[in-house]
Amino acid sequence: MPELPDVENFKKYFKKTSLHKKVENIESNQKSLIRKITFNDFKKKIIGHKFEDAWRRGKFLIIEIGGISEKLIFHFGMTGYLSYFKQGKESHFAKVVFNFNNGYKLEWINKRKLGKIYLVEDIREISLLKNMGVEPLEISEKEFLELLENNKSRGIKSFFMDQTEIAGIGNIFSDEIFFRAKISPKSKIQDLSNSKKKALYDKMKKVLKEAIKIGPPEGSFDPSRWLIPHRQKDMKCPNGHDLKKETIAGRSSYYCPICQK
DNA sequence: ACGGATGTTATTAA
DNA sequence: ATTAATAACATCCG
């Protein structure tokens, strides 16, 4: 799940559940997913402190800890999420578990082990964070059009998924944005008209904002407007045309050849 | 049972 | 110098 809207909702979930409680213990059955520090030092640094705030950058969740300068950073890979509970909901795929002094625990769950956890003084110690591109919900139209101009020889899909250009958009949401903007994922940026470029900007913001509000997996995407629910299900676009599946920029891309020119 | 999967990175090719 | 294509990571799901 974790693209920008998902991580944004993980952030809200984390802030709602896990702030201002003392961490009493940390357990892990996959210590190799904790980077930049040994598991022993990781525990030593965090135990006895409280999480005080959290924010998102791209697909990363960055957590401020009271009393120490290091930040805790979650990256979720393709299959990660968080789960907070007292007992009985333990996940088979929990890799790191934070136990709080109120008897609750926060599980960092990662099915395929492509996610990572870091504890660093400066987020720039993580090269992808250091090189992270603009936040799509913060960029102005003017800046966005300039960014396209600087990348005009690239394919639109590879550009949208490139974290060093735009932060937080991945395979699923880039497809969704292209569908809304009626643009083929195979387009080269230089072949897009000005109005298409503006549509891309507009739909990028709309899709991401709406997706955050819907907040999967609890909320679901209305199949009469969204491409997402059609991906595996019926392979029809929301207007009833046959969807096409093709590898573009290395990923399975779904698009409607009729709606998206 | 086998192909595919929401991510990132290193390597190789064009 | 750019950009794209491919494989690798590790493992679960349908």
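Naming convention: chains lettered A, B, ... in sequence-line order (proteins, then strands); numbering from 1 in each chain. Computed from a prediction, not measured in an experiment: that's the story for all the values here.
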Secondary-structure string, 5' to 3', Watson-Crick or G-U under 3.5 Å, | for another-strand partners, for DNA chain B: .||||.||||||||
Euclidean distance, atom NZ of residue A:Lys188 to atom P of C:dT3 [Å, nearest integer]: 11 Å
Under 3.5 Å, which protein N or O atoms sit close to an N or O of nucleotides 6-10 of chain C? Give each pair with its distance.
{"unit_1": "C:dA10", "atom_1": "O3'", "unit_2": "A:Lys113", "atom_2": "NZ", "d": "3.2"}
{"unit_1": "C:dA10", "atom_1": "N1", "unit_2": "A:Arg112", "atom_2": "NE", "d": "2.9"}
{"unit_1": "C:dA10", "atom_1": "N1", "unit_2": "A:Arg112", "atom_2": "NH2", "d": "2.8"}

B:dG7 OP1/OP2 closer than 4.0 Å to side-chain N/O of A:His75: no
With A:Phe93 via side chain to side chain contact (heavy atoms under 4.5 Å, CB included) - residues at least two apart: A:Ser91, A:Ile109, A:Lys111
Euclidean distance, atom CG of residue A:Asn110 to atom P of B:dG7 [Å, nearest integer]: 13 Å
Evaluation steps, side-chain hydrogen bond (donor to acceptor under 3.5 Å, both in side chains), between A:Tyr201 and A:Lys197: CA-CA 6 Å; A:Tyr201 174 78; A:Lys197 289 177 184 164; over 6 Å; no
Nearest-angstrom distance from the residue atom CD1 of A:Ile166 to C1' of B:dG7: 17 Å
A:Arg225/A:Glu210 ion pair, N-O < 4.0 Å: yes
B:dA1 versus C:dC9 - spacing of their C1' atoms, nearest Å: 23 Å
Nucleotide C:dA4, atom P - distance to CD1 of A:Ile248 in whole Å: 12 Å
Integer-rounded Å distance: C:dT3 P and A:Lys152 NZ: 11 Å
A:Ser252 side chain near B:dA5 phosphate (N/O to OP1/OP2, under 4.0 Å): yes
Whether A:Thr38 side chain and A:Asp41 backbone form a donor-acceptor pair below 3.5 Å: yes
Sugar-phosphate, base or nothing in reach of A:Lys245, heavy atoms under 4.0 Å: sugar-phosphate
Touch class at under 4.0 angstrom, heavy-atom based, for A:Lys59 against every strand present: sugar-phosphate
Measure all distances between protein nitrogen or oxygen atoms and nitrogen or oxygen atoms of nucleotides 9-14 of chain B, and list the pairs falling under 3.5 Å.
none

Touch class at under 4.0 angstrom, heavy-atom based, for A:Phe76 against every strand present: nothing
Name every donor-acceptor pair, under 3.5 Å, that has one atom in a side chain of residues 160-171 of chain A and the other anywhere in the protein, sequence neighbours excluded.
{"unit_1": "A:Asp162", "atom_1": "OD1", "unit_2": "A:Thr164", "atom_2": "N", "d": "2.9"}
{"unit_1": "A:Asp162", "atom_1": "OD1", "unit_2": "A:Thr164", "atom_2": "OG1", "d": "2.7"}
{"unit_1": "A:Asp162", "atom_1": "OD2", "unit_2": "A:Arg154", "atom_2": "NH1", "d": "2.9"}
{"unit_1": "A:Asp162", "atom_1": "OD2", "unit_2": "A:Arg154", "atom_2": "NH2", "d": "3.3"}
{"unit_1": "A:Gln163", "atom_1": "OE1", "unit_2": "A:Gly168", "atom_2": "N", "d": "2.8"}
{"unit_1": "A:Gln163", "atom_1": "NE2", "unit_2": "A:Met161", "atom_2": "O", "d": "3.2"}
{"unit_1": "A:Gln163", "atom_1": "NE2", "unit_2": "A:Ile169", "atom_2": "O", "d": "2.9"}
{"unit_1": "A:Glu165", "atom_1": "OE1", "unit_2": "A:Asn151", "atom_2": "ND2", "d": "3.4"}
{"unit_1": "A:Asn171", "atom_1": "OD1", "unit_2": "A:Lys157", "atom_2": "NZ", "d": "2.6"}
{"unit_1": "A:Asn171", "atom_1": "ND2", "unit_2": "A:Ser252", "atom_2": "O", "d": "3.0"}

Sugar-phosphate, base or nothing in reach of A:Gly115, heavy atoms under 4.0 Å: nothing
Side chain to side chain, A:Ile123 and A:Lys71, heavy atoms closer than 4.5 Å: yes
Value in whole Å for how far the P atom of C:dA5 lies from CE of A:Met161: 11 Å
For the student: nearest non-hydrogen atoms of A:Ser253 and A:Ile248, plus distance: OG-CB, 3.5 Å
A:Lys111, nearest nucleotide to its side chain (from B:dT8, B:dG7, C:dC12): C:dC12
Residues in side chain to side chain contact (heavy atoms under 4.5 Å, CB included) contact with A:Asp191, at least two apart in sequence or another chain: A:Lys188
SB check A:Lys15 A:Asp53 (cutoff 4.0 Å): yes
A:Lys205, NZ: over 12 other non-hydrogen atoms inside 6.0 angstrom: yes
Lys/Arg N to Asp/Glu carboxylate O, A:Asp122 vs A:Arg124, below 4.0 Å: yes
A:Ser220 side chain reached by A:Ile214 side chain, heavy atoms, under 4.5 Å: no
Touch class at under 4.0 angstrom, heavy-atom based, for A:Tyr254 against every strand present: sugar-phosphate
